[in-house]
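Here's the structure, in structure tokens; my notes come after.
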Amino acid sequence: MDIRQEIEELRSLLNRYNHLYYVENSPEVSDFEFDTLLRRLQDLEAEHPEYYDANSPTMRVGSDLTSEFQTVRHAFPMLSLSNTYSQEELGEWIDRVEREVEHAEYVCELKFDGTAISLTYENGRLLRAVTRGDGEQGDDVTANVRTIGSVPLVLSGEGYPDYFEIRGEILMPYASFERLNAEREANDEQPFANPRNAAAGTLKQQQSQVVAKRGLDCTLYQLAGKTLPYDNHWQNLQAARSWGFKISDKARICHSREEIFDFINYWDSERKTLPFPTDGIVIKVNDDASRRTLGFTAKSPRWAVAYKFKAEQALTRLLKVTYQVGRTGAITPVANLESVLLAGTVVKRATLHNADQIEALDLREGDMVYVEKGGEIIPKIVEVELSQRPADSTPLQYITHCPECGAELVRYEGEAKHYCPNASHCRPQIIGRIIHFIRRKAMNIEGLGEETIELLFDNSLVSNIADLYDLKAHQIAVLPRLGDKSAENIMQSIAASRSVPLHRVIFALGIRFVGETTAKYLASHFKSLDALMTASREELLQTEEVGEKIADAIAEYFADEQNIAIIERLRYAGLQFVAEQREQASDMLAGMNIVISGSFADHSRDELKALIEAHGGKNQSAVASNTTYLLAGEKIGPAKLQKATKLGVKIISEQEFISLIGGEHTTLPQPTATEKPEPKDTTPVQGSLF
């Protein structure tokens with residue numbers, strides 16, 4: 001056997017073993033045998049680089065080389081799905097479908113909770129893997145996707161088109177997620193919030209070698225192309241399965257709403273037994289002719305909809321309520337729970353917000369409580385199981401004194417929270433203010449994490465934000481886990497913070513109720529910190545978005561002699577106390593109020609906010625009757641979307657926004673309160689999809 005033939009046979013054999021292991025879950029050989037064959041192939045490829053193949057099984061181990069992601073335009077747009085949150089809403093969607101399509105047939109599938117991917121195959125070989133991005137274009141992550149065992153690098157079987165795309169979801173199974181977070185915690189790294197974030201973060205790793213170790217999976221659910229073998233979705237999926245793709249075996253054909261609801265009700269319970277995260281059911285009209293009849297809205301297909309499950313709940317015991325002190329002195333009660341598995345992660349704690357919530361729930365230590373995850377991320381207690389309450393339980397008494405410094409708590413009029421008033425001598429408040437000061441959206445001092453700030457405080461090197469500018473490298477270098485290089489980087493970052501603009505300096509001061517947007521308005525209105533410091537209450541109230549509560553908080557902050565002393569030290573340190581004078585790019589957005597929600601492909605949210613202001617517009621934090629546009633990205637907040645729809649606020653995409661300020665994108669219609677988006681006059685390619 002010649003070398004090339006041996007290489008080809010090893011590749012074919014290893015591809016088969018990979019498919020059996022990752023897709024069929026029926027391995028034929030031991031790990032040792034597989035690794036022996038893989039090492040033989042690696043050695044042969046190293047000795048004979050002339051036989052290089054980007055789709056060799058050896059590519060699954062990944063590379064330690066750093067790569068840059070290139071932006072690639074999708075051959076067929078990846079649209080988003082409209083969501084329904086109740087069976088009543090889903091029933092209305094079915095009614096609309098059946099008014100236009102006779103004898104509609106539906107395919108019901110699990111809605112996987114990962115990150116969307118589009119795989120392109122040419123002549124049976126993986127050509128490219130691209131993230132969803134903005135639906136029109138995404139990032140080329142082919143090198144990373146090649147490391148995922150369930151993605152076929154070379155197709156098997158027959159009948160596949162010469163060129164086509166298949167879409168699906170990159171997932172992180174719960175087992176991989178728990179292992180990864182355990183490793184991150186052991187290395188003092190921030191754990192991922194949920195498997196979806198972990199999958200998305202892993203897919204964007206610069207080194208594919210890292211991706212290969214994290215245990216990602218990939219399930220495919222839709223084909224797109226001009227020459228697909230069948231004219232309906234179900235048969236195309238079965239064909240894709242025969243070519244080696246991992247297609248969910250949980251999907252079903254349904255012929256009535258009763259069958260659809262039965263499928264939903266079954267998986268609403270059974271999803272808890274799955275080894276990967278799901279958050280709903282996707283219902284699609286099956287045949288292509290009916291899809292063409294139904295068409296599209298501006299953002300999503302009319303022939304498919306996502307039904308989102310209600311947040312999963314778990315019953316567990318409330319062991320104890322403890323209390324945390326924030327940087328403003330706000331007291332947050334925390335429920336410490338018996339460990340319980342909820343939405344794929346182990347939950348031990350849940351926020352209780354304030355005394356009113358505890359009273360409303362009538363919470364008592366020892367109670368059995370129902371916990372759910374808001375947005376599948378943040379645990380919260382929603383109900384007490386009174387039938388299991390111990391006979392000797394007593395009502396919970398909210399604390400009256402600060403758990404850190406012992407100061408008597410206060411509750412300001414109109415406030416839900418209790419506060420510790422001892423701002424100058426309460427450890428978590430001092431540390432919290434310094435941590436707020438160094439954050440990216442404030443002074444952006446890198447290298448000073450929460451633990452480092454605590455070290456500096458405990459070693460009497462900082463006791464307020466001004467002390468940061470008196471630090472010396474040799475003082476930092478001797479602290480645990482740091483050293484000369486880290487100390488030098490921190491000193492450089494502190495020096496660079498002296499050029500941070502005024503609005504971020506105002507935000508960094510940590511004045512109660514003064515967030516990023518309010519800080520920008522204050523900087524724009526007063527032009528200098530000195531003018532802000534000496535402003536009267538009446539002058540403060542003339543500033544955009546500054547009401548009585550914010551005005552009082554600002555006046556109270558600058559009336560404190562200790563704050564003034566710190567500010568004078570910051571002045572001496574060289575911070576920017578005067579606003580930059582910038583030319584406005586245009587007045588194209590003059591008089592417009594814009595709310596941003598979701599994530600975007602080409603710009604960060606901060607960049608979009610800056611563009612809005614540069615063109616004369618105003619950023620709003622919440623949708624209101626005077627909102628001009630809701631600038632919507634991927635995974636838009638459902639509350640904002642619902643309110644915008646209710647108020648008739650025009651919803652625009654990132655591309656439409658860029659067009660509005662003069663970019664080369666599609667023409668944006670003028671906003672009206674009642675206008676509804678018209679469907680695009682687009683004839684979809686066979687199997688076109690979201």
Side-chain angles (χ1 to χ4, degrees), residues 325-332 353-357 360 402 407-424 426 429 432-433 436-437 439 441-442 465 501-567 570 577-579 591-596 609 612-613 617-628 639-640 643 647 649:
V325 185
R327 67 175 176 84
T328 63
I331 306 297
T332 300
H353 299 294
N354 52 56
D356 290 345
Q357 186 187 23
C402 176
E408 186 173 357
L409 301 182
V410 297
R411 187 171 185 179
Y412 302 108
E413 185 177 352
E415 289 280 329
K417 287 184 175 291
H418 288 72
Y419 288 83
C420 169
N422 188 21
S424 301
C426 185
Q429 291 191 63
R433 286 195 296 272
H436 172 78
F437 184 82
R439 282 181 173 150
K441 293 183 178 180
I465 56 178
L502 175 62
H503 71 270
R504 283 170 53 188
V505 174
I506 294 172
F507 175 60
L509 293 177
I511 304 169
R512 284 185 74 203
F513 311 125
V514 175
E516 297 172 67
T517 302
T518 303
K520 288 180 180 179
Y521 285 130
L522 290 168
S524 175
H525 184 88
F526 290 102
K527 310 298 183 188
S528 74
L529 188 60
D530 289 316
L532 175 61
M533 290 166 61
T534 58
S536 66
R537 188 174 187 272
E538 289 69 27
E539 289 171 325
L540 290 169
L541 288 170
Q542 293 173 9
T543 309
E544 185 78 24
E545 288 203 4
V546 174
E548 293 184 358
K549 184 167 69 171
I550 297 176
D552 289 340
I554 295 170
E556 182 181 342
Y557 181 89
F558 290 121
D560 189 312
E561 292 183 2
Q562 289 182 315
N563 290 338
I564 297 300
I566 290 171
I567 287 170
L570 295 176
F577 278 21
V578 178
M592 297 186 185
N593 300 312
I594 300 176
V595 176
I596 297 175
K609 288 179 179 179
I612 290 169
E613 293 173 357
K618 292 180 181 178
N619 286 290
Q620 279 186 322
S621 58
V623 176
S625 58
N626 66 340
T627 301
T628 314
K640 285 189 172 71
K643 191 165 185 181
L647 294 174
V649 172

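Just so we're clear, the structure is a prediction, and the values are computed from it rather than from any experiment.
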*asked:* Please give me the minimum heavy-atom distance between Ala407 and Asn422, naming the atom from each residue.
replied: CB-CB, 3.8 Å
*Steps toward side chain to side chain donor-acceptor pair (under 3.5 Å) verdict (Glu415, Asn354)*: CA-CA 10 Å; Glu415 289 280 329; Asn354 52 56; over 6 Å; no
*Glu556: what forms a side-chain hydrogen bond (donor to acceptor under 3.5 Å, both in side chains) with it, not counting sequence neighbours?*
none
*Report the residues that fulfil ring-ring contact (aromatic ring centres under 6.0 Å, His included) with His436, sequence neighbours left out, ordered by chain and then residue number.*
Phe507
*For the atom pair CG (Asn593) and OG1 (Thr627), what is the distance rounded to the nearest 0.5 Å?*
6.5 Å
*Report the distance from atom CG of Leu541 to atom CD of Glu539, rounding to the nearest 0.5 Å.*
10.5 Å
_Distance-minimising heavy-atom pair for Phe513 and Thr518_ = O-OG1, 4.4 Å
*Gap between atom CD1 of Ile331 and atom NE2 of His418 - 0.5 Å precision*: 9.0 Å
*ring-ring contact (aromatic ring centres under 6.0 Å, His included) partners of Tyr412, counting only residues at least two apart*: Tyr419
*asked:* Quick check: closest heavy atoms across Arg411 and Ala416, and the distance to 0.1 Å?
replied: NH2-O, 3.2 Å
*Can you name the nearest heavy-atom pair linking Cys402 to Val325, along with the distance?*
SG-CG2, 3.9 Å
*For the residue pair Ala523 and Ala579, what are the closest heavy atoms and their distance?*
O-CB, 3.9 Å
*When rounded to the nearest 0.5 angstrom, what is the spacing between CG in Asn563 and OH in Tyr557?*
4.0 Å
_Ile594 side, atom CD1; Lys618 side, atom NZ - distance, nearest 0.5 Å_ = 12.0 Å
*Which value, rounded to the nearest 0.5 Å, describes the distance between Leu522 atom CG and Ile554 atom CD1?*
4.5 Å
